[in-house]
Student: 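Quick one: the structure is below, questions incoming.
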Amino acid sequence: MGFLFLLLTAFICFFVFIFVRKFWNRNGIFTLGICGAIGANVYNSITYPVLDFGLIFGVDSVIYTLFIFCLLTLIQDKHSNASTVLLYSTIGSILFNAIIEILATLSSQNTLDNSNLNNFIASLASAFATFVALILVIKLFKYFSNKNVNIYVNFSICILVASIINSLLYFGITTLVSQSFDLNTFWLMMAGSYIGKLLSTIFALIAWFICSIIDKKCSKNKTEFENNKKI
C-alpha cells in the first residue's frame with residue numbers, strides 16, 4: 001500500500017511541476033527544486049521508510065529526482081545561470097539547516113545524542129553527494145545538448161547518472177557511520193532508491209512531453225496573434 005502512495009506522490013510532484021513551469025516559469029522551477037532537495041533530506045528512507053515488496057523505499061527518491069529535473073529544465077530553458085544558483089543555494093540551505101538543527105537541539109536539551117550527530121553527518125553527506133553528482137551532470141547535460149542528443153535521452157541519462165552517484169555517496173556515508181551497520185539493509189535501501197528514481201524519471205519525461213505540447217500551443221497562439229495584428 002505504501003508503494004501506491006509513493007506513486008501518488010510522484011504524480012502530484014510532477015503535475016505541480018507542469019503547473020509551475022507554465023504559470024511561474026523560472027522562479028517557480030527554482031523554488032520547487034529547492035523544496036525537493038531540502039525535503040529529500042527530511043523524508044528519506046532512513047527516517048520515513050516505505051516497506052513494500054521486500055525493499056525499502058523513500059519519498060526522497062521522488063522529490064530528489066524532482067530537484068534534478070528542475071535543475072536540468074532550467075538549463076534546457078536557457079536559464080543556465082539560474083541552474084548553478086539553484087545548485088549552490090540548495091547545498092547552502094542543506095548545510096545551514098543542519099547547523100540550525102544542532103543549535104536548536106542544544107538550546108532545547110543542552111546536549112547532543114547519537115541520532116543528532118547522525119542527522120548532522122547525513123546532511124553533510126547529502127550536501128557533498130549533491131555537489132559531486134550535479135556538478136558532473138550539469139556538464140554532461142550541456143555536452144549532450146551541444147551534440148544534439150534527443151532531449152528525452154539526455155534527461156534520462158543525466159538523471160540516472162546523478163541518481164547513481166548521489167545514492168552511492170549518500171547511503172554509503174550514512175550507512176558506514178551508523179552504529180548499526182547492516183549490509184543487507186544498505187542494499188535494500190539502494191534497490192528501493194533506484195526503483196523509485198527510475199519511476200520518477202518516467203513521470204519527469206511525461207511531464208516534459210506535456211510541457212512541450214503546451215509550449216507548442218502557446219507558440220502557435222502567439223504567432224497567430226502577431227499575424228492578426230499585422231493584418
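Hydrogens, waters and symmetry mates play no part in the numbers below; they use all other heavy atoms, side chains included.
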Student: Give a yes or no answer on whether the side chain of Asn146 reaches the backbone of Lys142 with a donor-acceptor pair at less than 3.5 Å.
Tutor: yes
Student: Consider only side-chain heavy atoms of I, L, V, M, F, W and Y, link residues closer than 4.5 Å, and tell whether Leu86 and Trp24 are in one cluster.
Tutor: yes
Student: What residues form a side chain to side chain contact (heavy atoms under 4.5 Å, CB included) with Val161, not counting sequence neighbours?
Tutor: Val137, Leu140, Ile157, Ile165
Student: Restricting to non-hydrogen atoms, name the atom on Ile38 and the atom on Ser93 that form the minimum distance, rounded to 0.1 Å.
Tutor: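 It is CD1-CB, 3.5 Å.
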Student: Which value, rounded to the nearest 0.5 Å, describes the distance between Ser123 atom OG and Phe128 atom CZ?
Tutor: 15.0 Å
Student: Could you tell me if Asn154 and Ser145 have a donor-acceptor pair between their side chains, going purely by distance under 3.5 Å?
Tutor: yes
Student: Would you confirm whether the ring centroid of Phe19 sits within less than 6.0 angstrom of the ring centroid of Phe15?
Tutor: no
Student: According to the salt bridge (Lys or Arg N to Asp or Glu O under 4.0 Å) rule, which pairs have a member within residues 20-45, sequence neighbours left out?
Tutor: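 Non-adjacent pairs meeting salt bridge (Lys or Arg N to Asp or Glu O under 4.0 Å): Arg21-Asp77, Arg21-Asp215.
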Student: Looking at residues at least two apart in the chain, or sitting in another chain, which of them share a side chain to side chain contact (heavy atoms under 4.5 Å, CB included) with Phe209?
Tutor: Tyr152, Ile213
Student: Do Ile214 and Ile18 make a side-chain contact, defined as non-hydrogen atoms from C-beta onward lying under 4.5 Å apart?
Tutor: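 Counting from C-beta outward, Ile214 and Ile18 do come under 4.5 Å.
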Student: Got a second to check how far Ile94's CD1 is from Ile99's CD1, nearest 0.5 Å?
Tutor: 12.5 Å
Student: For Ser126, give me all partners under side chain to side chain donor-acceptor pair (under 3.5 Å), at least two apart in sequence or on another chain.
Tutor: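 With neighbours one apart ignored, the set is Asn41.
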Student: Can you sort out the partners of Thr31 under side chain to side chain donor-acceptor pair (under 3.5 Å), two or more places apart, ordered by chain and number?
Tutor: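 Checked Thr31 against side chain to side chain donor-acceptor pair (under 3.5 Å); zero matches.
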Student: In terms of hydrophobic clusters joined by side-chain contacts under 4.5 Å, are Phe203 and Leu198 together?
Tutor: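 No, it is not one cluster - the side chains of Phe203 and Leu198 are not joined through contacts under 4.5 Å.
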Student: Side-chain donor-acceptor contacts of residues 61-76 below 3.5 Å, not counting sequence neighbours, with atom names and distances?
Tutor:
from	atom 1	to	atom 2	distance (Å)
Ser61	OG	Gly58	O	2.8
Tyr64	OH	Thr130	OG1	2.9
Tyr64	OH	Asn166	ND2	2.9
Thr65	OG1	Ser61	O	2.6
Thr73	OG1	Phe69	O	2.7

Student: Please report the shortest heavy-atom distance between Phe14 and Ala204, naming the atom on each side.
Tutor: CE2-CB, 3.6 Å
Student: Take Asn25 and His79, measure what side chain to side chain contact (heavy atoms under 4.5 Å, CB included) needs, and give me the verdict at the end.
Tutor: CA-CA 10 Å; Asn25 207 338; His79 303 304; 4.1 Å; yes
Student: Please report the closest heavy-atom contact between Asp52 and Phe57, naming both atoms and the distance.
Tutor: O-CE1, 3.2 Å
Student: Do you know the tightest heavy-atom contact between Cys211 and Phe17?
Tutor: SG-CE2, 3.9 Å
Student: Can you list the residues that meet the side chain to side chain donor-acceptor pair (under 3.5 Å) rule with Ser167, with sequence neighbours excluded?
Tutor: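 With sequence neighbours excluded, Ser167 shows a side chain to side chain donor-acceptor pair (under 3.5 Å) to Ser193, Lys197, given in chain and number order.
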Student: What distance do Thr201 atom OG1 and Ile159 atom CD1 have between them, rounded to the nearest 0.5 Å?
Tutor: 4.5 Å
Student: Assess the residue pair Tyr143 and Lys139 against the criterion (side chain to side chain contact (heavy atoms under 4.5 Å, CB included)); give the C-alpha distance rounded to whole Å, side-chain angles, the decisive distance to 0.1 Å, and a yes or no.
Tutor: CA-CA 6 Å; Tyr143 173 79; Lys139 294 181 179 179; over 6 Å; no
Student: Of all residues at least two apart in sequence or in a different chain, which pass the ring pair (Phe, Tyr, Trp, His ring centres under 6.0 Å) check with Tyr170?
Tutor: none
Student: Looking at every heavy atom in both Val20 and Gly28, which two are closest together, and how far apart are they?
Tutor: CG1-C, 3.1 Å
Student: If you measure from CG on Leu199 to OH on Tyr194, what distance do you get to the nearest 0.5 Å?
Tutor: 15.0 Å
Student: Among all residues two or more places apart in sequence or in another chain, which pass the side chain to side chain contact (heavy atoms under 4.5 Å, CB included) test with Lys78?
Tutor: none
Student: Please assess Ile151 against Trp208 for the test side chain to side chain contact (heavy atoms under 4.5 Å, CB included), listing each intermediate value before the final yes or no.
Tutor: CA-CA 9 Å; Ile151 184 59; Trp208 183 257; 3.8 Å; yes
Student: For the atom pair CD1 (Ile195) and CD1 (Ile56), what is the distance rounded to the nearest 0.5 Å?
Tutor: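 Atom-to-atom, Ile195:CD1 and Ile56:CD1 are 12.0 Å apart.
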Student: What residues join Ile100 in its hydrophobic cluster, counting side-chain heavy atom gaps under 4.5 Å, either direct or through other members?
Tutor: Phe96
Student: Contact between Asp60 and Tyr43 at the side-chain level, heavy atoms closer than 4.5 Å - yes or no?
Tutor: no
Student: Who are the side chain to side chain donor-acceptor pair (under 3.5 Å) partners of Ser200, not counting sequence neighbours?
Tutor: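 Partners of Ser200 by the side chain to side chain donor-acceptor pair (under 3.5 Å) criterion come out as none, since no residue qualifies.
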Student: First locate atom CG of Leu169, then atom CD1 of Ile164, and finally report the distance between them rounded to the nearest 0.5 Å.
Tutor: 11.5 Å
Student: Do you know which two heavy atoms are closest between Phe30 and Ala82, and how far apart they sit?
Tutor: CE1-O, 3.6 Å
Student: Can you give each donor-acceptor pair under 3.5 Å made by side-chain atoms of residues 3-12, sequence neighbours left out, with the distance rounded to 0.1 Å?
Tutor:
from	atom 1	to	atom 2	distance (Å)
Thr9	OG1	Phe5	O	2.8

